[in-house]
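Worksheet: one structure, shown below.
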Amino acid sequence: MITNWVVIDIYTIIILICLLWFSHKKEVMSSMRGKFLNILLEMTLFMLFSDILFRYSGSFSNSILIKIGNTFLNIGGPFLLILLYRYIDGWLTLDAARTRVWSSLILTIVLINITLVFTLDAANILYYSEIMIIIKAIFYGLFILYLIKYRSEIKKSYKNTLISSMFFPFIFTLIQLGVNNIQTEYIGLTLAYLILIINIQRKDMSEDALTGATNRRMLNIELEDRIELAKTGRPFSAFMIDIDYFKKINDTYGHDVGDKVLRDVSNILQSSFRKEDVVARYGGDEFCVLTDISDEEILNKIKNRINERVSHYNQTNPKSPQINLSIGFKIYDNKYLTSTNFIHAIDETMYKQKEKNHSFLKENASTILA
């Protein structure tokens, strides 16, 4: 007779296999974090199979298989926590000391389990005991607190996804305390993986990997949609923004510093516009912003606000390359007919501004790279 826990374990295994297949098919999962997530999926599958092996072995009183199942469960459980911690750690910019502390703590539990594995009876009292379940719940809770404490070090667009995903194993492990013969912890982990993979895939399809701004592909889609809406009487505007002398910054300071400048400019732009506006990296050192604001006076105020924030950035980061932006904008008119024509018109206004900036900057060239 197939019991409820077997059915749930099998369904969980099927979902994990589908997620594993999906993640292997997607290039966005080929990063180090993506590879760690794949290992987590594989490790959780391994633990579910070990759970099934142990429970069925107990039914047939097969002592050898019981010992094997015990070994896998008691050693694999803490290693799963280590892998999950290292995956979380990969999203943060942290020093090695904190990594060593956490890894040592979890590894200690592994070593304790190893010493107890071969003294366990057929019921595997330690692994299924309330104290072990509570310990695992405490670790999941600590992971949540860890992410919340260091949330400023997580890329903004992934922050909420990471924190919310960790609540599932925490809550489902607590549910384990009141549910017999069902491994709810792994159900919670599987839901966390599902949320992570779906959100990572969605964001990586629409975001520029370096700056966190919307990417060119999604910008083109948004622009075409807004042009269609403009035909029904819903006007919009667009900005084109270029970093002056960006090549010189790269050549003088190196590409790492150049990348940081791009990220900082992206942050300045995203803080200067509303949440519903689309701030996108158009290509290289150019950004494009779409907004439904169509009042020229307000658009000029936004332009001035960006320049003020750039000026503040330069004053508060005197050791960094000094940034200057060329900014042009246009209110969409049906006379442009196509998105290409509209972008070309904005480019012209931006390049006129760039010519003025370059004339001024040539007279003050010594301060550009100060």
Side-chain angles (χ1 to χ4, degrees), residues 5 8-9 12 16 36-37 39-55 58 66-92 94 97-150 162-193 196:
W5 66 262
I8 291 174
D9 273 5
T12 308
L16 284 169
F36 245 109
L37 188 53
I39 295 171
L40 275 168
L41 290 168
E42 292 164 357
M43 188 66 188
T44 308
L45 271 172
F46 172 80
M47 293 299 291
L48 278 165
F49 281 121
S50 298
D51 184 56
I52 291 173
L53 174 66
F54 168 76
R55 290 174 188 263
I66 288 172
K67 291 290 186 182
I68 293 172
N70 281 346
T71 304
F72 289 161
L73 287 170
N74 286 277
I75 297 176
F79 270 116
L80 183 61
L81 290 174
I82 291 175
L83 287 171
L84 186 59
Y85 167 67
R86 294 310 298 267
Y87 174 73
I88 291 170
D89 193 52
W91 288 95
L92 281 69
L94 298 171
R98 284 187 288 216
T99 298
R100 286 196 297 270
V101 169
W102 276 84
S103 297
S104 299
L105 184 60
I106 302 174
L107 192 58
T108 300
I109 297 175
V110 176
L111 294 174
I112 292 171
N113 280 355
I114 289 173
T115 62
L116 296 173
V117 162
F118 296 103
T119 63
L120 296 174
D121 61 14
N124 199 349
I125 294 171
L126 176 65
Y127 186 75
Y128 294 106
S129 67
E130 286 189 3
I131 186 65
M132 185 59 76
I133 294 169
I134 291 170
I135 288 172
K136 287 191 284 187
I138 288 171
F139 270 103
Y140 291 126
L142 289 172
F143 291 160
I144 294 169
L145 294 175
Y146 186 61
L147 285 168
I148 292 172
K149 181 177 180 180
Y150 299 109
L162 277 169
I163 295 173
S164 61
S165 67
M166 286 301 104
F167 276 95
F168 284 95
F170 173 67
I171 292 169
F172 276 77
T173 302
L174 290 177
I175 290 173
Q176 185 79 57
L177 291 170
V179 179
N180 294 322
N181 298 322
I182 297 177
Q183 260 296 0
T184 57
E185 175 193 355
Y186 300 138
I187 298 172
L189 280 169
T190 301
L191 289 172
Y193 302 150
L196 286 167

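Just so you know, residue 1 is the first one in the sequence shown, and it goes up from there.
The CD atom of E42 sits 10.0 Å away from the CG atom of L37 when rounded to the nearest 0.5 Å. The distance from atom NZ of K136 to atom CG of L80, rounded to the nearest 0.5 Å, is 8.5 Å. Separation of atoms CD1 (I82) and CG (D89) is listed at 12.5 Å; rounding is to 0.5 Å. To the nearest 0.5 angstrom, F170 atom CZ is 8.5 Å from L145 atom CG. Atoms CE and CG, from M47 and L16 in turn, are 12.5 Å apart once rounded to the nearest 0.5 Å.
In this structure, the side chains of L162 and I88 stay at 4.5 Å or more apart for every pair of heavy atoms. Using a 4.5 Å cut-off on side-chain heavy atoms (C-beta onward), Y140 and I171 make no contact. Counting heavy atoms from C-beta outward, Y87 and L196 have side chains that approach closer than 4.5 Å.
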### Task
May I have the step-by-step check of side-chain contact (heavy atoms from CB on, under 4.5 Å) for F168 and T190, ending in yes or no?
CA-CA 9 Å; F168 284 95; T190 301; over 6 Å; no

### Message
Please determine whether side-chain contact (heavy atoms from CB on, under 4.5 Å) holds for the pair F139 and T173, giving the CA-CA distance in whole Å, both sets of side-chain angles, and the decisive distance to 0.1 Å.
### Response
CA-CA 10 Å; F139 270 103; T173 302; over 6 Å; no

#### Entry: Check against side-chain contact (heavy atoms from CB on, under 4.5 Å), L84 and M43
CA-CA 10 Å; L84 186 59; M43 188 66 188; over 6 Å; no

### Query
When you look at L189 and Y193, which way does the side-chain contact (heavy atoms from CB on, under 4.5 Å) test go after all the steps?
CA-CA 6 Å; L189 280 169; Y193 302 150; 3.8 Å; yes

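Looking only at distances, a side-chain donor or acceptor of T184 sits under 3.5 Å from a matching main-chain atom of Q176. No donor-acceptor distance shorter than 3.5 angstrom exists from the side chain of T12 to the backbone of I187, with no hydrogens or angles considered.
A192 and P169 make their closest contact through CB-CD, 4.0 Å (heavy atoms, listed as atom of the first residue, atom of the second, distance).
Using the six-membered ring where Trp is involved, Y85 and F143 have ring planes that are parallel, under 30° apart on the 30 and 60° scheme.
Among residues two or more places apart in sequence or in another chain, the side-chain contact (heavy atoms from CB on, under 4.5 Å) test is passed with I138 by I134, L142.
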